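Numbered from 1 within each chain, the chains take letters A, B, ... in sequence-line order. Just so we're clear, the structure is a prediction, and the values are computed from it rather than from any experiment.
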Number of protein chains: 2
Amino acid sequence: MVKITDVARHAGVSPSTVSYALSGKRPISEETRQRVEAAILELGYRPHAGARALASSRSNVLALVIPLRTGIHVPVVMQFAVSVVTTARRYDHDVLLLTQEEGEDGLRRVADTALVDALIVMDVQLHDPRLPLLRSLDRPSVMIGFPAEPDGLTCIDLDFKAAGEACVEHLARLGHRVVALVGSPPEVYVRGTAFAQRVVQGFTAAADRSGLSSSVHPCEASPGAARLVAEQLLREQPALTGVVVHNEAVLEPLIDAFEQLGLRVPGDLSVTAICPDELAETVRVPVTSVALPSAEVGERAVQLLMKKLGGSAVPEATLLPPRMTERASTAPRNA
Amino acid sequence: MVKITDVARHAGVSPSTVSYALSGKRPISEETRQRVEAAILELGYRPHAGARALASSRSNVLALVIPLRTGIHVPVVMQFAVSVVTTARRYDHDVLLLTQEEGEDGLRRVADTALVDALIVMDVQLHDPRLPLLRSLDRPSVMIGFPAEPDGLTCIDLDFKAAGEACVEHLARLGHRVVALVGSPPEVYVRGTAFAQRVVQGFTAAADRSGLSSSVHPCEASPGAARLVAEQLLREQPALTGVVVHNEAVLEPLIDAFEQLGLRVPGDLSVTAICPDELAETVRVPVTSVALPSAEVGERAVQLLMKKLGGSAVPEATLLPPRMTERASTAPRNA
DNA sequence: GCGTGGCGTCGAAGCGCTTCGACGGAGGAA
DNA sequence: TTCCTCCGTCGAAGCGCTTCGACGCCACGC
């Protein structure tokens, strides 16, 4: 293994000079820097991560906690994860993957052993048992999602309440009077998953404000469940003309089911969704949707963490405003 | 931060004794061990990961490389990942997540900086550019998937060729004479992804052996694509009575499409699949399938790696034999 | 009784890097 | 010219842990 002293000897400088040339923490003359860089290249030097972590008390590793509970949509979660990894690399950090198998002990362990410098926590519940732990840790963290009481923590997410409102208001503007929300699987609400609840809040509040008649329907993530919900909706609410879907897995099956039941989209029924643009665009009938900006959320989560690691203060809450794109699935009511 | 010297003082022993009590690498009297453990508990001691890595040249971290290329089925990949993380924890290791953004440099970097002790590589291509790199690294690795030339490397996967054969043989046994394979998206074959190719090999070979007429149809991962393939199959092969599906995303949409086209499953058409049992069981018509044992593959990949880290030799190739479960989607031809 | 060999423990030497204080020299101010 | 400052570099002291060699002690065999 080639180490910093080898590079130093080869470049005719001291090890500390090599270190400073690498980190830029002290000025180094252009000429020296070039000799050092040449030596590094020639010898194929790579600083030893452990030694670096020990000496600098920085591991340059972030923990990413992905619970992967039932009912979540895995591809969407992975989009966040990829975005986190990619952005972390831009800041010269790596990402340690934690699932929830170990529970909260895993978080404490990686923090206390200094394996990671900071943590990103996904799938936050309204009353998440990890909150007190995160507050007590001596390392910064960012949550993707909003708990009921985010005091003292840093959170970022799409403003799901506003997203729910935006969908309803869009439908109201088009003249629809009876709307329904097809939501996440029931267990997601039972757990008190923040983002799902907030969509319901926004949806209901906006419907009330606009004087719409509204109803909420959790839905399992399977085509069969989608069919059942579609049938139930038609049976119980024959006047229904507007649907908001907040469940990636059933978006397409649900539209299929409606059409098989004789309802044209958007002719008889307007559909909006809260989902990644990529999905909304590739459904057979492209769906008017509020984008789920996973790439942006992941990126900004890492940026917030980097700021905190740098000692800067960051806002406790970052709510990304909903961005709605109109596509072929919505139309005026009497169209 | 509480360190090993604090524990040693508190327990009235030397730091090396604490270390040996923890690692078990030298005998320690029962009484001393208990005093040490009590001190650790009382002080809340956690060994510093960097210091440990530096002194022992073991980081206790594995790299998990997940390319996430287009056309792969993300939930299945995540099942592998979760299994890897869970198993790694059982061996007191953590998992660093690498995507392919960085390309091969990322692998080299984490290996050369001693950030990780070993690597697990997923989504292997037949002629994977990472192979020479893995051979040249000074750290052990295991690939999930088989390249064309696995010499000098360690690979593990389901025996996809045998899985393809098993599906065909099952259909042949039931009297079917014309069969089709609905496979992964085209780009997966274009890239030369090992497992997809092997299914085709097994499927074709077994069909030829049994004198069946067969055809292969790549299929994009969308319900729309599934419908198109279904229509095409009926048009071009009216005598078709057996279908093998190797594409998790279209399994259910495909069956739906067949039924909408007037074919009952399994009355008119028998369907088998290669997919996780969990999926096969929850389709509307439970599907006879060869299991994709992601949990077992992930677990065994880690076990292989641990053996290699322990200095033991391991077999170059581990092919898990296919395990078929009959469900409601297959029936004799003239049923 | 004395040699022998474990067992259990200790002390010290690193592992490879960062960082702090120090220092020589060049340049500017007075 | 002299003094001060700042730039660029060096040497040394750790960071917290593991591990190697050494050593005292006790039990055992002859």
Side-chain angles (χ1 to χ4, degrees), chain A residues 1-37 39-40 43-61 92 109-117 138 309, chain B residues 1-37 39-40 43-61 92 109-117 138 309:
Chain A
M1 170 177 206
V2 32
K3 37 193 167 191
I4 201 171
T5 50
D6 302 325
V7 175
R9 199 176 323 116
H10 198 268
V13 298
S14 78
S16 48
T17 300
V18 175
S19 178
Y20 287 124
L22 241 34
S23 69
K25 294 193 179 170
R26 284 201 183 174
I28 295 291
S29 71
E30 187 51 31
E31 189 220 333
T32 304
R33 184 203 313 293
Q34 301 212 343
R35 280 220 313 288
V36 169
E37 273 168 15
I40 289 176
L43 301 180
Y45 167 68
R46 298 280 203 172
H48 186 287
R52 194 182 266 237
L54 178 55
S56 66
S57 42
R58 278 298 191 90
S59 67
N60 276 35
V61 174
D92 195 29
R109 183 176 55 79
V110 295
D112 286 354
T113 59
L115 222 196
V116 306
D117 294 334
D138 55 341
L309 281 172
Chain B
M1 168 178 207
V2 31
K3 37 194 169 192
I4 201 170
T5 50
D6 301 326
V7 175
R9 199 176 324 115
H10 199 267
V13 298
S14 77
S16 48
T17 300
V18 176
S19 178
Y20 287 124
L22 241 35
S23 71
K25 293 193 179 171
R26 284 201 184 174
I28 295 290
S29 72
E30 186 51 32
E31 189 221 332
T32 304
R33 183 202 316 294
Q34 301 211 344
R35 280 220 313 288
V36 169
E37 274 168 14
I40 288 177
L43 302 181
Y45 167 67
R46 298 278 204 173
H48 186 288
R52 195 182 263 234
L54 178 56
S56 67
S57 41
R58 278 299 190 89
S59 68
N60 276 34
V61 174
D92 195 28
R109 182 176 55 80
V110 296
D112 287 353
T113 58
L115 222 195
V116 305
D117 295 334
D138 55 341
L309 281 172

*asked:* Does B/Ser16 contact C/dG11 through a side-chain donor or acceptor facing the base, at a distance under 3.5 Å?
replied: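 In this structure, the two groups form a donor-acceptor pair.
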*asked:* With hydrogens left out and only the distance checked, is there a donor-acceptor pair under 3.5 Å joining A/Tyr20's side chain and the base of C/dC17?
replied: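 There is none.
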Is the phosphate of [N], meaning OP1 or OP2, less than 4.0 Å from a side-chain N or O of [X]?
X: B/Thr17; N: C/dC10; answer: yes
X: B/Lys25; N: D/dT18; answer: no
X: B/Arg52; N: D/dT18; answer: yes
X: B/Ser56; N: D/dT19; answer: no

*Take B/Arg26 and B/Pro47, find for each the nucleotide of DNA chain D with the closest heavy atom, and name the residue whose nucleotide sits nearer the 5' end.*
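Result of the comparison: B/Pro47.
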*Would you mind telling me which residue lines up with the more 5' stretch of DNA chain D, B/His48 or A/Val13, judged by nearest nucleotide?*
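The answer here is A/Val13.
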Between [N] ([atom2]) and [X] ([atom1]): distance, integer Å:
X: A/Tyr45; N: C/dG16; atom1: OH; atom2: C1'; answer: 7 Å
X: A/Arg46; N: C/dC17; atom1: CZ; atom2: C1'; answer: 16 Å
X: A/Leu22; N: C/dG16; atom1: CG; atom2: C1'; answer: 13 Å
X: B/Glu31; N: D/dC25; atom1: CD; atom2: C1'; answer: 15 Å
X: B/Leu54; N: C/dC17; atom1: CG; atom2: C1'; answer: 8 Å
X: A/Arg58; N: C/dT18; atom1: CZ; atom2: C1'; answer: 13 Å
X: A/Ile28; N: C/dT18; atom1: CD1; atom2: P; answer: 13 Å
X: A/Leu115; N: D/dC17; atom1: CG; atom2: P; answer: 13 Å

_Can you give me the closest heavy-atom contact between A/Asn60 and A/Asp92, atom names plus distance?_
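In this case the closest contact between A/Asn60 and A/Asp92 is ND2-O, 3.0 Å.
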*Do you know which two heavy atoms are closest between B/Leu54 and A/His48, and how far apart they sit?*
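Minimum heavy-atom contact is CA-CE1, 4.1 Å.
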*asked:* Working note: B/Asp6 + B/Arg9, criterion salt bridge (charged side-chain N to carboxylate O under 4.0 Å, His left out); need CA distance, chi angles, decisive distance, verdict.
replied: CA-CA 5 Å; B/Asp6 301 326; B/Arg9 199 176 324 115; 3.4 Å; yes
*Scan side-chain atoms only and decide if B/Ser14 and B/Thr17 contain a donor-acceptor pair under the 3.5 Å cut-off.*
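Their side chains do contain a donor-acceptor pair, which is all the 3.5 Å distance test asks for.
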*Given C/dG11, C/dG16, C/dG14, which nucleotide is nearest the side-chain atoms of B/Ser14?*
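The answer is C/dG11, which lies nearest to the side chain.
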*Nearest to side-chain heavy atoms of A/Ser29, which nucleotide of C/dC17, C/dC7, D/dT9*: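 Of the candidates, D/dT9 comes closest.
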*Which one of B/Gln34, B/Arg35, B/Arg33 satisfies the side chain to side chain donor-acceptor pair (under 3.5 Å) criterion with B/Glu31?*
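For B/Glu31, the side chain to side chain donor-acceptor pair (under 3.5 Å) test succeeds with only one of B/Gln34, B/Arg35, B/Arg33, which is B/Arg35.
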